[in-house]
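Structure, as structure tokens:
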There are 2 protein chains.
Amino acid sequence: MTRQKIEIKKIDNPTARQVTFSKRRRGLFKKAQELSTLCDAEVALIVFSTTGRLFDYSSSSMKQVIDRHNLHSQNLHKFDQPSLQLQLESSTYAILSKEMADRTRELRQMKGEELQELNMEELMRLEKSLEGGLSRVVQTKGERLLNEIDALRRKEAQLTEENLRLKQHTGINTNVQGHSFNTFICSSSGDNSQDRESSNTSLKLGKLHTCGTTYFHHLPY
Amino acid sequence: MTRQKIEIKKIDNPTARQVTFSKRRRGLFKKAQELSTLCDAEVALIVFSTTGRLFDYSSSSMKQVIDRHNLHSQNLHKFDQPSLQLQLESSTYAILSKEMADRTRELRQMKGEELQELNMEELMRLEKSLEGGLSRVVQTKGERLLNEIDALRRKEAQLTEENLRLKQHTGINTNVQGHSFNTFICSSSGDNSQDRESSNTSLKLGKLHTCGTTYFHHLPY
DNA sequence: GATGCTATTTATAAGTA
DNA sequence: TTACTTATAAATAGCAT
């Protein structure tokens, strides 16, 4: 394909054939890998040289891909096993397979793909579902963060107290100020410096919920 | 590899990913075939798209290549003689079940359930995913609605013009008022009785409005 | 989804080391 | 066999349809 265009037919010269095999094999495997990475596809490639050497590649596991391939192609000739057991298996497989397809599609749609096949009503239902999920996720995240903050604040209080006790014991007089985490994080509103107990958690939760999406994005998480 | 060099990592845009998949898949299969022809090699290639579609190629027969591959790699697990067919099937079944479970869980999590088993990082990733999906859904909805509105406007203009012409021809002086569609959509109580065309679309719009999630607020997505 | 169109990037046939 | 080089053929990313 370069210095000179070549015809696609078996290369006569064994040496040249071997060289070409080596080069093109690499190219092929590279392309296979790129396809799987770029397009999130499952790829398996098996090559035997004339001399019988094996080269293979699989984006996941060769066994998995081959199994999956068997599944797909067995649909074309699934008549060849009168075994009842097998029949049952294949029918459960069919059911599973269908459910799988449904779920996959639903998942992709929740990620905003394949929307063209939805009508307006379904689109709105999807939107509602996403809003619901998002709101719950955001709330969970908020709760999680508040809990951590609360825990930290307790620890702060505890440490401060301990500190104080130590200072009294040693008679050293250092002035250590404890920052309120509230103030630190949500400096928007009033002065919260005196609430060191969890009582304000519920309050904050409500606030989170109301405020909606981006809340703690500036937190060091 | 052309207009611009691309990085080999999963393509974010689903549409672009699909296009690339289609193009590169062809290229890959062509190369596989060329290798087998030029170098007299035995080649098997299996590709599953993200959507689960199967594409395969084999220079001889897929079964033959896979069997040969098993021979070579069986050094690693040559103990599984009982029934290769059954083993394959039951393992595929296991794989399918597992995938099914994964997908079900992911789906539930997108709907805001079972969030407790996610750590903060996963939670944030989920949030991002939801935001992305929601934004795409909202955008699709908006585009769809705008298109309909546009179509209706055109029809309105056309009908109005025709109406005028007819009136001039017949000399009849009927007073028909053309509603602005804007007005039409936003007024909940209006009298729509004179819309004789595409009444079903108008209806849909009305219904949508009633369904009333946020309406055009999201359009600029 | 696919197809067609470039401007570029890649792959690679031949040859050389 | 493997590793470079180079001129050229192929593949393909980004767009438009």
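First the proteins, then the strands, lettered A, B, ... as listed; each starts at 1. Any value given below was found using the heavy atoms of this structure, including those in side chains, with hydrogens, waters and symmetry copies removed. Note that the structure is a prediction, hence the values are computed from the model and not measured.
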With sequence neighbours left out, what residues match B:Asp150 under salt bridge (Lys or Arg N to Asp or Glu O under 4.0 Å)? B:Arg154
Identify, with sequence neighbours excluded, every residue that meets salt bridge (Lys or Arg N to Asp or Glu O under 4.0 Å) alongside A:Glu114. A:Arg108
Is the phosphate of [N], meaning OP1 or OP2, less than 4.0 Å from a side-chain N or O of [X]?
X: B:Lys30; N: D:dA10; result: no
X: A:Ser22; N: D:dT1; result: no
X: A:Arg24; N: C:dA13; result: yes
X: A:Arg17; N: C:dA13; result: no

Can you name the residues that form a side chain to side chain contact (heavy atoms under 4.5 Å, CB included) with B:Ser59, not counting sequence neighbours? B:Ser36, B:Glu42, B:Val43, B:Tyr57
Using salt bridge (Lys or Arg N to Asp or Glu O under 4.0 Å), reason through B:Glu148 and B:Arg144 one step at a time and then give a plain yes or no. CA-CA 6 Å; B:Glu148 281 196 51; B:Arg144 200 98 46 103; over 6 Å; no
May I have the distance from [X] (atom [atom1]) to [N] (atom [atom2]), rounded to whole angstrom?
X: B:Phe55; N: C:dG1; atom1: CZ; atom2: P; answer: 10 Å
X: A:Arg26; N: C:dA13; atom1: CZ; atom2: C1'; answer: 15 Å
X: B:Asp12; N: D:dG14; atom1: CG; atom2: P; answer: 12 Å
X: B:Gln18; N: C:dT3; atom1: CD; atom2: P; answer: 12 Å

Could you pull out all residues at least two apart from [X] that satisfy side-chain hydrogen bond (donor to acceptor under 3.5 Å, both in side chains)?
X: B:Asp102; value: B:Lys98, B:Arg105
X: B:Ser58; value: none
X: B:Ser49; value: B:Thr51

Please determine, by modelled atom types, if B:Gln158 and B:Glu162 share a side-chain donor-acceptor pair under 3.5 angstrom. no
N/O to N/O distances under 3.5 Å, protein versus nucleotides 14-17 of chain C:
from, atom 1, to, atom 2, distance (Å)
C:dA14, N6, A:Lys23, NZ, 2.9

For the helix from C:dA2-D:dT17 to C:dA17-D:dT2, what angle separates the axis at the start from the axis at the finish, each from five pairs, in steps of 10°? 40°
Within the 4.0 Å heavy-atom criterion, would you say B:Arg53 contacts the bases, only the backbone, or no part of the nucleic acid? nothing
Under 4.0 angstrom, heavy atoms only, what part of the nucleic acid is A:Thr20 near: base, sugar-phosphate, or nothing? sugar-phosphate
Quiz: residues 6-14 of chain A side-chain donor-acceptor pairs under 3.5 angstrom, not counting sequence neighbours:
from, atom 1, to, atom 2, distance (Å)
A:Asn13, OD1, A:Thr15, N, 2.7
A:Asn13, OD1, A:Ala16, N, 3.1

Using the side-chain heavy atoms of A:Lys31, tell me which of these nucleotides is nearest: C:dA2, C:dT10, C:dT12. C:dT10
